[in-house]
S.K.: 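The following block contains the structure, expressed as structure tokens.
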Amino acid sequence: MAETTTPDVLRAEHIVKRYGPVTALRDITIHLQKGEILGLIGDNGAGKSTLIKILTGFIPPTGGTIFINGEEVTLRSVTHAHLLGIETVYQDLALVNQLSVYHNMFLNREQIRGPFLNNRKMRQQAREQLDQIGVQIPSIETEVGRLSGGQRQAIAIARAVSTRAKILLLDEPLAAMGAKEGALILGLLRKLQESGEISIIMIAHNYAQVLESCDRVNLLQHGAITLDKPVPETSLEELNELVMREYRLGSAHNSASQ
């Protein structure tokens, strides 16, 4: 587990995002320590995706400040975020099923030799990158569409890491996976953490998996962080109770307004 004395590689303070009269994020302060896996939980519509889009440079915040390794930054674009070492793996994975594993690993950054693709070099480097983080697949020549969901997720993560990312944002990496495939991805995340070079924010709905794989957990409700605790200091019961309390309050409010 990551130590609490390690410095923040990412810190966002008082982040606000408004879309006209709608406030998606009202006051978010979130931080990520070096080598840490932070679990970000919350119901649909809580603001998780909006926050990730801000941290990856896809949309600007309405207000607030972002720091990378202690330095204030204004993320101008996704490309700018990449240059700062921030990579995101979304639920759709952005893989092309008809292409091979190694072509997907180099999608939009293909190796060229003269006017042609340098397939030999891409195959070699893809194999080395996958071996380095322990991703097991039948062959790098295999079409991605023929692989399991867990294998495709692993390839998407490996591709992000191969760009020398330091901060990895994962949007529901365990969604719709069985126990075996979920264990594959959790094992991969632990291996990345052990390298000491990667810090991870993982959005998840399965609280048990968060408690199993993360160092710290943040609960996002109605556009604000309502819980920030190290995993050993919370429990499945506490997380469920906080979410159910929100439902009870929402139901009471709706009944009173009728």
Side-chain angles (χ1 to χ4, degrees), residues 1-15 17 25 27-44 46-58 61 64-70 73 75 81 84-91 153 156-157 160-161 165-175 182 185-221 223-236 238-240 242-243:
M1 292 291 184
E3 297 180 5
T4 57
T5 56
T6 54
D8 291 339
V9 293
L10 181 150
R11 185 173 185 88
E13 296 182 347
H14 307 297
I15 298 297
K17 182 61 181 179
L25 301 177
D27 186 9
I28 295 284
T29 293
I30 189 171
H31 68 101
L32 180 67
Q33 297 174 344
K34 184 176 181 180
E36 180 181 43
I37 301 179
L38 171 65
L40 181 61
I41 63 174
D43 280 348
N44 293 332
K48 303 186 302 298
S49 295
T50 299
L51 177 59
I52 291 299
K53 288 176 181 177
I54 289 172
L55 297 180
T56 199
F58 188 74
T65 312
I66 297 173
F67 300 87
I68 304 295
N69 295 317
V73 299
L75 297 175
L84 294 172
I86 302 172
E87 287 283 347
T88 307
V89 179
Y90 291 103
Q91 275 187 274
Q153 181 69 249
I157 292 173
V161 172
K166 299 297 183 184
I167 299 168
L168 192 57
L169 310 178
L170 302 178
D171 187 9
E172 294 285 358
L174 306 171
I185 299 305
L186 292 178
L188 173 57
L189 297 184
R190 290 191 197 99
K191 191 173 181 66
L192 291 174
Q193 184 184 37
E194 288 168 3
S195 73
E197 298 298 321
I198 303 289
S199 306
I200 299 169
I201 296 178
M202 181 177 78
I203 292 178
H205 276 106
N206 188 315
Y207 301 165
Q209 289 172 332
V210 168
L211 295 176
E212 177 186 354
S213 59
C214 297
D215 301 293
R216 191 162 47 88
V217 59
N218 279 188
L219 175 60
L220 183 54
Q221 295 176 300
I225 301 292
T226 58
L227 177 133
D228 180 358
K229 282 188 175 183
V231 162
E233 295 178 14
T234 187
S235 66
L236 190 58
E238 180 182 25
L239 298 179
N240 283 328
L242 287 169
V243 173

S.K.: With a 4.5 Å cut-off on side-chain heavy atoms, are Leu170 and Ile201 touching?
M.R.: no
S.K.: Side chain of Asp8, backbone of Leu10: donor and acceptor closer than 3.5 Å?
M.R.: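 Not at all, since once roles are kept as given, no pair shorter than 3.5 Å links the two residues.
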S.K.: Is Gln91 reaching over with its side chain to a backbone N or O of Asp171, donor-acceptor style, under 3.5 angstrom?
M.R.: no
S.K.: If you round to the nearest 0.5 Å, how far is OG1 of Thr29 from NE2 of His14?
M.R.: 4.5 Å
S.K.: Is Leu40 close to Leu219 at the side-chain level, that is, under 4.5 Å between some pair of heavy atoms?
M.R.: no
S.K.: Do Phe67 and Val73 make a side-chain contact, defined as non-hydrogen atoms from C-beta onward lying under 4.5 Å apart?
M.R.: no
S.K.: Give, for atom CG of Leu192 and atom CD1 of Ile157, the distance between the pair rounded to the nearest 0.5 Å.
M.R.: 7.0 Å
S.K.: If you apply the rule side-chain contact (heavy atoms from CB on, under 4.5 Å), what do you find for Ile52 with Tyr90, and how did you get there?
M.R.: CA-CA 10 Å; Ile52 291 299; Tyr90 291 103; 4.3 Å; yes
S.K.: On a heavy-atom basis, which atom in Ser199 and which in Gly35 lie closest, and how many Å separate them?
M.R.: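 Result for this residue pair: OG-N, 2.9 Å.
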S.K.: Identify the heavy atoms of Ala81 and Gly57 that sit nearest to each other, and give their distance.
M.R.: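 That would be CB-N, 4.3 Å.
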S.K.: Between Ile225 and Leu227, is there a side-chain heavy-atom distance shorter than 4.5 Å?
M.R.: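 Contact flag for Leu227/Ile225 side chains = no.
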S.K.: Go through the side-chain N and O atoms of Ser213 and Gln209 and say whether any donor and acceptor fall under 3.5 Å apart.
M.R.: no
S.K.: Give a yes or no answer on whether the side chain of Thr88 reaches the backbone of Thr56 with a donor-acceptor pair at less than 3.5 Å.
M.R.: no
S.K.: Are Thr226 and Gln221 close enough that a side-chain donor and a side-chain acceptor fall under 3.5 Å?
M.R.: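 Distance-only check passes for Thr226 and Gln221.
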S.K.: Just do the side-chain contact (heavy atoms from CB on, under 4.5 Å) check on Ile15 and Ile66 with the steps written out, would you?
M.R.: CA-CA 8 Å; Ile15 298 297; Ile66 297 173; 4.0 Å; yes
S.K.: Is it the case that more than 12 heavy atoms not belonging to Phe58 sit under 6.0 Å from its CZ atom?
M.R.: no
S.K.: Using side-chain heavy atoms (C-beta onward) and a distance below 4.5 Å, is Leu211 in contact with Leu236?
M.R.: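 The answer is yes, as the side chains (C-beta and beyond) meet within the 4.5 Å cut-off.
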S.K.: Do you know which two heavy atoms are closest between Lys166 and Glu197, and how far apart they sit?
M.R.: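 Taking Lys166 first and Glu197 second, the nearest heavy atoms are NZ-OE1, 3.0 Å.
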S.K.: Step by step, would you call Ile167 with Leu84 a side-chain contact (heavy atoms from CB on, under 4.5 Å)?
M.R.: CA-CA 9 Å; Ile167 299 168; Leu84 294 172; over 6 Å; no
S.K.: Can you check whether Ile200 reaches Leu38 side chain to side chain, under 4.5 Å on heavy atoms?
M.R.: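 SC-SC contact between Ile200 and Leu38 ruled out.
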S.K.: Which atom names give the shortest non-hydrogen contact between Ala204 and Ile41, and what distance separates them?
M.R.: O-CG2, 3.4 Å
S.K.: Taking 4.0 angstrom as the limit, do Glu212 and Arg190 come out as a salt bridge?
M.R.: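 Looking at Glu212 and Arg190, the cut-off is met.
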S.K.: Please check if the side chain of Asp215 supplies one atom and the backbone of Ile37 the other of a donor-acceptor pair under 3.5 Å.
M.R.: yes
S.K.: Evaluate side-chain contact (heavy atoms from CB on, under 4.5 Å) for Leu51 paired with Leu25, printing each intermediate quantity in order.
M.R.: CA-CA 8 Å; Leu51 177 59; Leu25 301 177; 4.1 Å; yes
S.K.: For the residue pair Ala165 and Ala160, what are the closest heavy atoms and their distance?
M.R.: CB-O, 3.5 Å
S.K.: Hey, which of Gln33, Glu36, His31, Lys34 is the one that makes side-chain contact (heavy atoms from CB on, under 4.5 Å) with Val9?
M.R.: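 Of all the options given, the one that passes is Lys34.
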S.K.: Roughly how far apart are Glu172 CD and Asn206 CG, rounded to 0.5 Å?
M.R.: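 Nearest 0.5 Å value for the CD-CG distance: 9.0 Å.
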S.K.: Any chance NZ of Lys48 has more than 12 other-residue heavy atoms, nucleotides or ligands included, within less than 6.0 Å?
M.R.: yes
S.K.: Do Leu75 and Ile54 come within less than 4.5 Å of each other through their side chains, counting heavy atoms only?
M.R.: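 No; the side chains remain at least 4.5 Å from each other.
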S.K.: Any donor-acceptor pair under 3.5 Å linking the side chain of Lys229 with the backbone of Ser235?
M.R.: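 Between the backbone of Ser235 and the side chain of Lys229 there is no qualifying donor-acceptor contact (under 3.5 Å).
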S.K.: Keeping the roles fixed (side chain from Glu13, backbone from Thr65), state whether a donor-acceptor pair exists under 3.5 Å.
M.R.: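 Judged by distance alone, no pair lies under 3.5 Å.
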S.K.: Rounded to the nearest 0.5 Å, what separation is found between the CZ atom of Arg11 and the CG atom of Asn69?
M.R.: 13.5 Å
S.K.: With rounding to the nearest 0.5 Å, note down the distance linking CE in Met202 to CD1 in Ile185.
M.R.: 10.5 Å
